[in-house]
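Chain letters run A, B, ... following the sequence lines, proteins first and then strands; every chain starts at 1. For the numbers below, each heavy atom of this structure counts, side chains included, while hydrogens, waters and symmetry mates do not.
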Amino acid sequence: MSILIDENTRVVVQGLTGKEGSFHARQCMAYGTRIVAGVTPGKKGQEVDGVPVYNTVREACRAHAINTSLIFVPASFAADAIVEAADAELKVIVCITEGIPVLDMVRVLRYLDGKDCRLIGPNCPGLISPGKCKVGIMPGPIHRPGPIGVVSRSGTLTYEVVDQLTKAGLGQSTCVGIGGDPLIGSTFVDILKLFAADDDTGAVVMIGEIGGTAEEEAARYIKESFPKPVISYIAGRTAPPGKRMGHAGAIISGGQGTAAQKMETLRQHGIHVVENIGEIGTETLNAIR
Amino acid sequence: MSILIDENTRVVVQGLTGKEGSFHARQCMAYGTRIVAGVTPGKKGQEVDGVPVYNTVREACRAHAINTSLIFVPASFAADAIVEAADAELKVIVCITEGIPVLDMVRVLRYLDGKDCRLIGPNCPGLISPGKCKVGIMPGPIHRPGPIGVVSRSGTLTYEVVDQLTKAGLGQSTCVGIGGDPLIGSTFVDILKLFAADDDTGAVVMIGEIGGTAEEEAARYIKESFPKPVISYIAGRTAPPGKRMGHAGAIISGGQGTAAQKMETLRQHGIHVVENIGEIGTETLNAIR
Amino acid sequence: MAWAIKFNSDIAMKLHEYQAKVLLAREGVPVPPGEMAASPEEAGAVADKLGQGPFVVKAQIHAGGRGKGGGIKLAEDRGAVVETAQKIIGMNLVTPQTGPEGKLVRKVLVERAFPVEKEYYLAVTIDRSRARPVILASAAGGMDIEEIARSKPHLLIKEAIDPVVGLMPYQSRNLFFGLEMEPALGSAFTTLLGNFYRVLAAYDCSLAEINPLVVTRDKEILALDAKLDIDDNALFRHKELLEWREYENTWEEEAARYRLNYIRLDGTVGMMVNGAGMAMATMDAIALAGARPANFLDVGGGANAEAVANGFRLILSDERVKLVLINIFGGILRCDVLAEGVINAVSNLEIKVPIVVRLEGTNKDRGAELLAQSGLNFTVAGDMNEVISVIANSV
Amino acid sequence: MAWAIKFNSDIAMKLHEYQAKVLLAREGVPVPPGEMAASPEEAGAVADKLGQGPFVVKAQIHAGGRGKGGGIKLAEDRGAVVETAQKIIGMNLVTPQTGPEGKLVRKVLVERAFPVEKEYYLAVTIDRSRARPVILASAAGGMDIEEIARSKPHLLIKEAIDPVVGLMPYQSRNLFFGLEMEPALGSAFTTLLGNFYRVLAAYDCSLAEINPLVVTRDKEILALDAKLDIDDNALFRHKELLEWREYENTWEEEAARYRLNYIRLDGTVGMMVNGAGMAMATMDAIALAGARPANFLDVGGGANAEAVANGFRLILSDERVKLVLINIFGGILRCDVLAEGVINAVSNLEIKVPIVVRLEGTNKDRGAELLAQSGLNFTVAGDMNEVISVIANSV
């Protein structure tokens, strides 16, 4: 098992004919992901590495069995693309695009309320179930199948962590980058609930960062009802207040949303917190032994 | 038992100080309904028959335990009033007001989607659980407690039916007027589901009329999963096509939504259909014997 | 879905084509240049203003199928416009939708005529079952939408609009690519669609329809014919549209003045009832008695004595009425108030037809007493079954 | 809730008070008559235009607490306006929010001064946890909102806006009655609130704040001070606002030109990393090594050789930098591309500081090889632990 994506995942790539879209679709296919269609308005009839292109998601879904979308369209069209995918009743929507206006996301998230569909991102690397399926932009080769679920607000930092896990002999069930924006489709808690129900996930590594309260909410959920060990790292202990640290959501201010506070809260809720990013692989190994 | 309202119902009346609001609030209290507060903006501090008035529903809910709203505000303010009641987390909202613009109701119903709250109406007489509680404008004295659930798109026609039932010795568990508009908060199916779970309801009388497909949808639901006898009457067999018969929703056109078609569908789904409104009391008695 | 449209189109104030086009143009939907004319002279003046022909002269009545009845004519030049307007204005136009009695044409719309390459259907209305606006489009333009829905459902494209996000770009693309329009028209179509959709909310339309939407030989997109129905309940926020209100007949106009719910029917039993559902049930009961109602009249669940009096006078002034039935279930409307209203109404009138009264509910005894003391001659029916048998015996 | 505001206010382009007031006035929110002046002469001209005093002269910097630092002064007449502007323009204004280094004042806002009866706080921002716009209001006007939230939470009224229905009338009433304003001000307040809320969507504000909103002695409601922060991500649809963009310092301005994510910090380790989370983690690692970063520089998860070269040059041009750390986890950005970028950047430069490189991920061997062949003098770190120990040994 794994969460959200596996051998049965069948993907449409929105924005397939773009530079990013075609590059990453190719990488995903090389990893074994079944990318069955692409969508770029006005480019129906074209192919990208043998994948047929359609004008609309609806058209693509009429021609193929599709359950997942991977979105690369530019920020100004991304809200539209997410709603288009949800309207076509795709169950997993992965939005890589960064820079979506927050008011667009307000409407998109309200639209998704109550719909049977899970949005991952935006502004995220996507997700991978090692050995089965990759729907994202992470480097495939650093991953190995195994018992660790990974969930993270960050991109490359997740690669760092996964690389260490793999080198420590700890493969991953699924790695999910939930994205660095203030408004995202799936929170730590949403993903933890899926890991809770996944028999193949034995422990979870959660990579947080400064800003917001997502880590604190996760801590409460974990203490109350998450049945597996959680190891966590929080980036940004030395970030100065009031500055935006790359991620739109990663800002601290007035003693709130600090890494120190988050780490303290996580520890209080029984979560193993790693101080030195260089040791997260070995510490995870020790923690779950 | 009964559905939606009973001895524990505690009502705020929105528009209490208006002519209609104060008149019907008085009637409801005379029937035994606990009306604990009223709302009219700018009239905080006034009283109507001992019921204190507040400026907002939120204020009223801070001062009293309230679970139900009864709305009499004019059509142009009614959408606002419904959303205000829902935002205050009232579980049952009864909107008597007629004449609400349909685009207002589009937004209201979308707003209510997924909320734990049941809207009855608009453009309806409200509801009554005889002997326990009346939250509406129907004449109380014609009702008797008993085993028949009544659900109807009509107002006075419901009184006619209830009167016959009472005279035939058949009391009512709860009578619900769902309203005559094309867009309403609760459909026949919504109310039937509640009656299905109510031990004190032994059979249901369903009063439909021309226009729409609510009766057909109810018929399918009843055949599939409603466990109690249903007796039905459909008004408007002689209504000419293309004319609006008083209720905004009661129009037939092009052979669709006709009474004949509805009656046929109901019969095909095992529902006892009464032809002559004058005999609905006696026919119900016969049908459930 | 298809007939939900029809329903909603009927709970509304209908606009004439020329009025609809004024509003569409105001929101940026391209329509042919043209103006309304109420006389052949005015029609000529419009042709002058438009410049070179050819023109089209279109009868303005509240019914479709005008072309089939001879209500839409091409006119090559100004002279032909005047001549055609002469013929159409004042004619009794019979179309499949007017019924055999037809409708009197009082106005025409004079427009420039365009050579058409392709016709489409485009509409937006409220989908009752989903409680959302829905855009309907078809490449089978010019056809009736119910006919398309019945015979070519695969040609009908539907886009339900979620009010959270409104009309989204992908939905415009679904429609555009679904209609298989030429790629070069993409931006013109998208703009038109956005403006057209905005009309729904701007004027609280229960139906907005462009049929046909055309692509001309010059690759322009135009709303060649248009229909807007305005939600009656929303007219309070569109007071400027009230001057366009027209009634089917003077009876309904008078009833509207009294805020009565009155519809003229073709039978002989004048009927006054409180509540719409009860009124329909009473019509059905009259039919069971072998008679037919002359009208539908709902004085309202909460009517007062004045409304009752007005309604009763309206019924009595109808010479087709051979019998009057008053059927009241007193709730808010008390039966004694009803009786007062009836007595007021007839105090100065000579009553020539039998009156059947059935009073039930609040204060029914007091009501019956008042009527009995008034000197009015009437028959009492105790319940709906008696109503039926009394009428059956009278006709 | 309270600090969600602060967060969102920071992912944005900040406007000056005078700019915010231009936009508020455009949407119908009443502000005091006034104009920006960049010199004492201009300030005098504004006073002339405004007519009779008293006036107020307000320093325009991107920081609050200006009054405490002497950046806001009353001026009785034109002469006093010029004199005050003379003092304020060019001053280094230190407030609780500028930090001890203060900010240089280049412009002032000259306005008519009003006698104030009562002050309120009013803001709208995005509530992260509910993913909705939220209106915040308090009768404790003039105070900092975080201070109100901390010390007087009962005085903070919140109304979350559901995008399905927008700001509803009942929510205006909740705010109006909650603020206990005089009944006579109801309609003025409601209109102001509706217009103010519209500003959020009209300009994609992540924060719109009026503090204080005042009732004057003449019972007028006015936005006496205002703050608008524009969502960076939405600037593409507000191009007209881009001319108002200002940077904290020339470093960040130059980085923005290269589309690099650069923040100037106060340490000595120049740092180039790909990915924001990785950059933060690297800062933390530098701290563990006992050093401090001179900057935050994220070249982006998918950077190309040119971005790398630009970033590297930017770091090297900073004289405070005593050591450069390149920490790259190659994903999309391949390590060989990174190496090319670094080599390009330094081909014409003399390197005076030690360089530590850690390459991991895609094509890391090829990247290491390129760097080794380039003649560049650098230390290799194999993993994050080595990064820490190398830096610890160097400082």
Atom group of D/Ala279 that falls short of 4.5 Å from chain A, counting heavy atoms: neither

Exercise: identify the closest heavy-atom pair between D/Ser129 and A/Glu217: CB-OE2, 4.4 Å

Over all atoms of both residues, closest heavy-atom pair of A/Arg107 and D/Pro163: CG-CB, 4.3 Å

Given that the side chain runs from C-beta out, which part of A/Ile207 has a heavy atom under 4.5 Å from chain D: side chain, backbone, both or neither? neither

Who wins among A/Ser152, A/Pro125, A/Pro139, A/Gly99 for the most heavy-atom pairs under 4.5 Å with chain D? A/Gly99

Taking side chain as everything from C-beta outward and backbone as N, CA, C, O, which of these in A/Glu275 sits under 4.5 Å from a heavy atom of chain D? Side chain, backbone, both or neither. backbone

Residues D/Ala131 and A/Leu109: closest non-hydrogen pair is CB-CD1, 3.9 Å

How many angstroms lie between OG1 in A/Thr238 and CD1 in D/Ile286, if you round to the nearest 0.5 Å? 8.0 Å

Of the backbone (N, CA, C, O) and the side chain (C-beta and beyond), which part of D/Arg292 lies under 4.5 Å from a heavy atom of chain A, both, or neither? neither

Does a sphere of radius 6.0 Å around CD in D/Glu246 hold more than 12 heavy atoms from other residues, nucleotides or ligands, not counting ones at 6.0 Å or beyond? yes

Nearest non-hydrogen partners of A/Ala235 and D/Ala281, listed with the distance: CB-N, 4.1 Å

Pairs of heavy atoms under 4.5 Å with chain A: top-ranked of D/Ala285, D/Ala234, D/Gly330: D/Ala234

When every non-hydrogen atom of D/Phe236 is compared with those of A/Pro101, the smallest separation belongs to CE2-CG, 3.6 Å

Applying salt bridge (Lys or Arg N to Asp or Glu O under 4.0 Å), which residue pairs with at least one partner in residues 270-281 of chain D are found, sequence neighbours left out? none

Can a donor-acceptor pair be found between the side chains of D/Asp284 and A/Asn276 at a distance below 3.5 Å? no

Measuring from atom CE of D/Met278 to atom CD1 of A/Ile277, what distance do you get when rounded to the nearest 0.5 angstrom? 7.5 Å

So A/Ile100 and D/Asn233, do their side chains get closer than 4.5 Å, heavy atoms only? no

Chain A heavy atoms under 4.5 Å from D/Arg334: which part of the residue, side chain, backbone, both or neither? neither

Please name the pair of heavy atoms, one in D/Gly277 and one in A/Leu157, separated by the smallest distance, quoted to 0.1 Å. O-CD2, 3.6 Å

Could you measure the distance from the CE atom of A/Met105 to the CG atom of D/Asp231? Nearest 0.5 Å is fine. 12.0 Å

Please lay out, stage by stage, how D/Ile126 and A/Val106 fare under the test side-chain contact (heavy atoms from CB on, under 4.5 Å). CA-CA 8 Å; D/Ile126 310 298; A/Val106 166; 4.2 Å; yes

Side chain, backbone, both or neither: which part of A/Phe23 has a heavy atom under 4.5 Å from chain D? side chain

CD1 (D/Ile161) and CZ (A/Arg110) are apart, to the nearest 0.5 Å, by 12.5 Å

Before accepting this row, confirm whether a basic side-chain N of the pair A/Asp104/D/Arg237 lies closer than 4.0 Å to the acidic partner's carboxylate O. yes

Go through it in stages, so that I can follow the logic: the residues are D/Phe329 and A/Ile142, the test is side-chain contact (heavy atoms from CB on, under 4.5 Å), and I'd like the CA-CA distance, side-chain angles, deciding distance and then a yes or no. CA-CA 11 Å; D/Phe329 203 108; A/Ile142 60 172; 4.1 Å; yes

Would you mind checking which part of D/Ile328 comes under 4.5 Å of any heavy atom in chain A, side chain (CB onward), backbone (N, CA, C, O), both or neither? neither

Quick one: what part of A/Leu183 sits under 4.5 Å from any heavy atom of chain D, side chain, backbone, both or neither? side chain

Under 3.5 Å, is there a donor-acceptor pair linking the side chains of D/Asn274 and A/Thr156? no

CG (A/Leu103) and CZ (D/Arg132) are apart, to the nearest 0.5 Å, by 13.5 Å

Decide yes or no for D/Phe296 and A/Pro240: does some side-chain heavy atom of the first lie under 4.5 Å from some side-chain heavy atom of the second? no

Nearest 0.5 Å please: distance from the CD atom of A/Glu160 over to the CE atom of D/Met384. 6.0 Å

Does atom CZ of A/Phe77 have more than 12 heavy-atom neighbours from other groups under 6.0 Å away? no

Structural part of D/Asp162 lying under 4.5 Å from a heavy atom of chain A: side chain

